[in-house]
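In what follows, a structure is listed as structure tokens, so that the remarks can point back to it.
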Amino acid sequence: MSKQIIHTDAAPAAVGPYSQAVATTGSKTVYLSGQIGLEPGTGDLVSENFDAQVRQAFANMQAVIEAAGGTLNDIVKLTLFLTDLSKFTAANAIMAELIPQPFPARSTIGVASLPKDAQFEVEAILVL
């Protein structure tokens, strides 16, 4: 898969670890369902701590990506869902630590609630 990062000064610059847009060429597109911070063995939230939930959600996402035959480098689009947008900066910092550059395109959405009272959910689109 080849990724081309799209950037224009005619639109606002990214306000976090993401690109304005990503163009790809590849043979397979994979759409990942949302992942929350559940421990795979128990199905329970890893913690009530926001950062711990974000890290576990990304770990769960990475496991699904690897099962699909991909890596974090194959992500072209992420969508983050937060129940508290005041934690946007914390989510950005964790994402910047875990996701390799160049960053994929991304949307962040504030939501009223998530399954199992999770505080964070992430979904992804990959091109392999």
Side-chain angles (χ1 to χ4, degrees):
M1 189 255 325
S2 172
K3 286 197 283 191
Q4 175 191 3
I5 302 303
I6 309 298
H7 174 79
T8 177
D9 292 331
V15 295
Y18 61 93
S19 297
Q20 289 174 324
V22 178
T24 67
T25 58
S27 61
K28 180 166 115 177
T29 303
V30 181
Y31 299 88
L32 275 70
S33 296
Q35 294 292 321
I36 58 177
L38 299 179
E39 292 181 332
T42 66
D44 295 328
L45 283 174
V46 67
S47 168
E48 293 202 15
N49 177 276
F50 178 78
D51 289 8
Q53 287 189 28
V54 172
R55 289 183 183 285
Q56 186 64 52
F58 275 110
N60 294 343
M61 179 191 72
Q62 184 171 0
V64 176
I65 288 170
E66 290 170 357
T71 70
L72 295 176
N73 286 313
D74 298 316
I75 300 169
V76 296
K77 174 72 166 62
L78 286 172
T79 305
L80 310 182
F81 302 90
L82 285 76
T83 59
D84 182 351
L85 283 175
S86 74
K87 296 182 178 178
F88 177 77
T89 301
N92 266 345
I94 294 168
M95 181 185 152
E97 174 188 326
L98 300 175
I99 303 298
Q101 293 189 41
F103 295 120
R106 188 190 80 192
S107 299
T108 302
I109 302 166
V111 296
S113 64
L114 290 167
K116 296 202 172 207
D117 292 323
Q119 301 172 58
F120 177 85
E121 183 171 359
V122 60
E123 66 180 27
I125 299 172
L126 315 175
V127 176
L128 307 178

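Values below: every heavy atom of this structure, side chains too, minus hydrogens, waters and symmetry copies. Heads up: numbering here begins at 1 and tracks the sequence.
The hydrophobic clustering, which links ILVMFWY residues whose side-chain heavy atoms are closer than 4.5 Å, places Leu98 and Leu82 together. When hydrophobic clusters are built by joining Ile, Leu, Val, Met, Phe, Trp and Tyr residues whose side-chain heavy atoms come closer than 4.5 Å, directly or via intermediates, Leu85 is grouped together with Leu78. Hydrophobic clustering keeps Val46 apart from Leu80 (ILVMFWY residues linked when any side-chain heavy atoms are closer than 4.5 Å, directly or through intermediates).
A search for side-chain contact (heavy atoms from CB on, under 4.5 Å) contacts involving Leu72 returns Met61, Gln62, Ile65, Ile75, Ile99, Pro100, not counting sequence neighbours. Checked against side-chain contact (heavy atoms from CB on, under 4.5 Å), Thr8 has the following partners two or more places apart in sequence or in another chain: Ala10, Ala11, Gln20. Under the side-chain contact (heavy atoms from CB on, under 4.5 Å) criterion, Ala90 pairs with Phe50, Asp51, sequence neighbours left out. For Ala59, the side-chain contact (heavy atoms from CB on, under 4.5 Å) test picks out Gln56, with sequence neighbours left out. With sequence neighbours excluded, the residues forming a side-chain hydrogen bond (donor to acceptor under 3.5 Å, both in side chains) with Thr79 are Lys77, listed by chain and number. With sequence neighbours excluded, the residues forming a side-chain hydrogen bond (donor to acceptor under 3.5 Å, both in side chains) with Asp9 are His7, listed by chain and number. For Arg106, there are no salt bridge (charged side-chain N to carboxylate O under 4.0 Å, His left out) partners, not counting sequence neighbours.
Contacts classified as salt bridge (Lys or Arg N to Asp or Glu O under 4.0 Å) and involving residues 93-104 (residues at least two apart or in different chains) are given here: Arg55-Glu97. Screening residues 58-67 for salt bridge (Lys or Arg N to Asp or Glu O under 4.0 Å) gives no qualifying pairs among residues at least two apart or on separate chains.
The backbone N or O of Asn73 lies less than 3.5 Å from a partner atom in the side chain of Lys3, making a donor-acceptor pair.
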Please tabulate, one pair per line, all N/O donor-acceptor pairs under 3.5 Å involving side-chain atoms of residues 32-44, not counting sequence neighbours.
unit_1 : atom_1 : unit_2 : atom_2 : d
Glu39  : OE1    : Thr42  : OG1    : 3.3
Thr42  : OG1    : Asp44  : N      : 3.1

Which donor-acceptor pairs under 3.5 Å do side chains of residues 118-126 form with protein atoms, sequence neighbours excluded?
unit_1 : atom_1 : unit_2 : atom_2 : d
Gln119 : OE1    : Lys87  : NZ     : 3.1
Gln119 : NE2    : Glu48  : O      : 2.6

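Across Ala68 and Leu128, no two heavy atoms sit closer than the pair O-CD1, 3.3 Å. Smallest separation of non-hydrogen atoms from Ala105 and Ala21: CB-CA, 4.2 Å.
The hydrophobic cluster around Ile109 extends to Phe81, Val111, Leu114, counting ILVMFWY residues whose side-chain heavy atoms fall within less than 4.5 Å of a member.
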